[in-house]
Amino acid sequence: MVASKPRTCSRPKHTSARATALVQLAEEMPPAVLAPLLGLHVITALHWRRRAATDWTAYLQARQRALADRRSRSGP
């Protein structure tokens, strides 16, 4: 008799693609429209909306500082 492998639950492999799609939809639709369309709770849709509206200013400033530091260490 061959033993069967135990079944395990695993996350879908396309979670990053799903997250990207949700962020894009959240940018384009208000949470009150997005929630029933995708079967989400309104609060969850609101969280996705906030995630989509991330301010990239802090990242860009940190990136510019890192590049400037790299240039100053490498010399003229």
Side-chain angles (χ1 to χ4, degrees):
M1 180 174 185
V2 177
S4 63
K5 292 182 181 179
R7 293 183 184 212
T8 58
C9 294
S10 62
R11 289 184 168 186
K13 294 180 181 181
H14 304 291
T15 55
S16 63
R18 181 179 186 268
T20 302
L22 280 171
V23 168
Q24 186 174 2
L25 282 172
E27 287 176 337
E28 298 173 2
M29 296 181 166
V33 174
L34 183 64
L37 181 68
L38 298 179
L40 301 173
H41 191 277
V42 176
I43 299 298
T44 303
L46 182 61
H47 289 186
W48 279 104
R49 176 68 169 202
R50 288 181 184 151
R51 187 179 198 179
T54 301
D55 182 16
W56 290 91
T57 306
Y59 167 77
L60 292 173
Q61 289 172 348
R63 183 74 177 138
Q64 286 176 344
R65 281 192 302 271
L67 290 173
D69 289 345
R70 187 181 304 162
R71 284 188 208 119
S72 66
R73 279 186 266 149
S74 65

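Every residue two or more places apart in sequence or in another chain that forms a side-chain contact (heavy atoms from CB on, under 4.5 Å) with Leu67 is listed here: Arg63, Arg70, Arg71. When the side-chain contact (heavy atoms from CB on, under 4.5 Å) test is applied to Gln64, no partner is found at least two apart in sequence or on another chain.
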Atom pairs and distances, side-chain donor-acceptor, residues 19-46, under 3.5 Å, sequence neighbours left out:
residue: Thr20; atom: OG1; partner: Ser16; partner atom: O; Å: 2.8
residue: His41; atom: ND1; partner: Ile43; partner atom: N; Å: 3.0

